[in-house]
Amino acid sequence: MGSRDAVSLILVVYRLTIPDTQACCRTNCVSTTPYWKRLIQTSKFIIIALRIRHLFKGEFNREPGPPFNIAESGRIFMQTSVRGMCGRFVRTTPIDQLIELFAIHEVDCDLPPSYNVAPGQPVLAITGGPERRLRCFKWGLVPFWAKDASIGSRMINARAETLAEKPAFRQAFKKRRCVIPADGYYEWRKEEDGKTPAYFYSATEEPFAFAGLYELWQTPDGGVLQSCVIVTTEPNELARTAHHRMPVILREHEIDLWLDDRVQDETALKALLKAIPAEAMRCHDVSTRVNSPRNDTPECIEPVRKHEL
DNA sequence: CCAGACGTTGTT
DNA sequence: GTCTGG
DNA sequence: CCAGACGTTGTT
DNA sequence: GTCTGG
């Protein structure tokens, strides 16, 4: 069975839109994701297509292609969606206060405060060099070698353990580190009856300093896209109540080293990428109002009790 | 050698 | 751009 | 992170 | 289910 057959098969499945199955069924998957390319190369897709076909019996509106071998058997590995990391945060401290708190010398952009900063949106970040500079980046790092900016929508976090090796982050880790000011972040705790958003914030008045990386990408129209990513690490005991990753939060005395682009000492830099103590944080559950990135109001961070949701 | 991926977290 | 896999 | 869209060919 | 956009 050739690859063209594979495409037509998946296409037919897509047209039916399948309820209650966990198999992928879109043409797009065939052509774009490594996972489906691999699957097709190993012929396992036949099994998936057969399972789906079986569910729908005679309801195909089109011939699914030439006959295939049902005797070929194997387990279906079902890919689930990517969930559960630092994917939403709050930045309500106004810029003039940030300038004070972080000793910023130069301000290159202006952004209103937000109770609901989502990936893809512009965020404020401090970069180093001789003096600290406040700049604006799109959240979702586009590596400088990318052919397409869409890769950025998936590069919202970088694992502290691996960022020194990964092609997407390696160069940025060496030369383009930044600090993202944030008053807190949200995590969705998975429970039996759904997901509950929780807000994690600083025990002091001062905002967090997330460790980040940034990158410059040449856009097709000759411009430059500036984008960034938030570094994650193993969580402390408090953060662990919601997830097994949390953003790296730098203390004031660590920021200079992180921002110094002359520093290339991987060991010294990686030593900074640890969870802050649980005692430095607070958390409480919040309303699912925060789920939609369109909602950007103080209500997003207001505490709620579970039965009030 | 060239082609193709390059990431995360959460499941299986 | 650089590395891995075929 | 969540919300919301998701493909093709050939014909109107 | 998976991808893109916010």
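Order of the sequence lines fixes the chain letters, A, B, ..., with proteins taken first and strands second; residue numbering starts at 1 for each chain.
- Checking C/dT2, B/dG7, B/dT8 against every side-chain atom of A/Thr162, the shortest atom distance belongs to B/dT8.
- Per the geometry, NE2 belonging to A/His243 stands 17 Å off P belonging to B/dT8, to the nearest Å.
- Here the P atom of nucleotide C/dG1 and the CZ atom of A/Arg170 are 13 Å apart, to the nearest Å.
- As rounded to whole Å, 17 Å separates atom C1' of B/dT8 from atom CE of A/Met246.
- One can place CD1 of A/Ile156 at 13 Å from C1' of E/dT4, the figure rounded to the nearest angstrom.
- Nucleotides B/dT8 and E/dT4 place their C1' atoms 16 Å apart, quoted to the nearest Å.
- What separates CD of A/Glu161 from C1' of B/dT9 is a distance of 12 Å, to the nearest Å.
- A donor-acceptor contact closer than 3.5 angstrom links the side chains of A/Gln226 and A/Arg135.
- For the residue pair A/Arg245 / A/Asn157, no side-chain donor-acceptor distance below 3.5 Å is found, with atom types taken as modelled.
- Looking at the side chain of A/Thr232, the nearest of the listed nucleotides E/dG6, B/dT9, C/dG1 is B/dT9.
- For C/dG5, the paired nucleotide is B/dC2, the pair qualifying as Watson-Crick or G-U wobble because both relevant distances are below 3.5 Å.
- Per the geometry, CH2 belonging to A/Trp139 stands 15 Å off C1' belonging to B/dG7, to the nearest Å.
- Out of E/dG6, E/dT4, B/dG7, the shortest distance to the side chain of A/Ser150 is found at E/dT4.
- Considering only side-chain atoms of A/Ala118, the nucleotide from E/dG6, D/dC2, B/dT8 that sits closest is E/dG6.
- Of all nucleotides listed (E/dG6, B/dG7, C/dG1), E/dG6 comes nearest to the side chain of A/Pro293.
- Between A/Ser227 and A/Glu215, the side chains place no donor N or O within less than 3.5 Å of an acceptor N or O (distance only, hydrogens not considered).
- Within the nucleic acid shown, A/Pro143 has no heavy atom closer than 4.0 Å to any nucleic acid atom.
- Between A/Tyr214 and A/Trp139, the distance separating the two ring centers is not shorter than 6.0 angstrom.
- Phosphate proximity of D/dC2 to A/Arg88: absent, as no side-chain N or O sits under 4.0 Å from OP1 or OP2.
- Between A/Arg154 and E/dT4 there is a side-chain N or O to OP1 or OP2 distance below 4.0 Å.
- Using a cut-off of 4.0 Å between Lys/Arg side-chain N and Asp/Glu carboxylate O, A/Lys174 and A/Asp261 are scored as not salt-bridged.
- B/dT8 atom C1' lies 10 Å from atom NZ of A/Lys166, rounded to whole Å.
- Atom C1' of nucleotide E/dG6 and atom CG of A/Asn291 are separated by 14 Å, given to the nearest angstrom.
- Remark: A/Ser292 is not in phosphate contact with D/dG4, judged by side-chain N or O atoms under 4.0 Å from OP1 or OP2.
- Nearest nucleotide to the side chain of A/Ser153, out of B/dC6, E/dG6, E/dG5: E/dG5.
- Stacking annotation: A/Trp188 is not stacked on the base of D/dC2 (requires ring centroids less than 5.5 angstrom apart and an interplanar angle below 30 degrees).
- Among the nucleotides D/dC2, C/dG1, B/dC6, the one closest to any side-chain atom of A/Ala168 is B/dC6.
- No engagement by A/Phe89 is indicated, since no non-hydrogen atom pair under 4.0 Å with the nucleic acid exists.
- Taking atom P in both B/dT12 and E/dG1, one finds a spacing of 11 Å when rounded to whole Å.
- The side chain of A/Arg294 contributes no N or O atom lying less than 4.0 Å from OP1 or OP2 of E/dG6.
- Taking the centre of each ring, A/His284 and A/Tyr201 come in below the 6.0 Å mark.
- Taking the six-membered ring for Trp and the full ring otherwise, A/Phe210 and A/Phe89 have centroids separated by under 6.0 Å.
- With B/dT8, E/dT4, B/dT9 as the choices, the nucleotide that has an atom nearest any side-chain atom of A/Arg245 turns out to be B/dT9.
- Nucleotide B/dT8 is matched to nothing when pairs are restricted to Watson-Crick or G-U wobble geometry with both distances under 3.5 angstrom.
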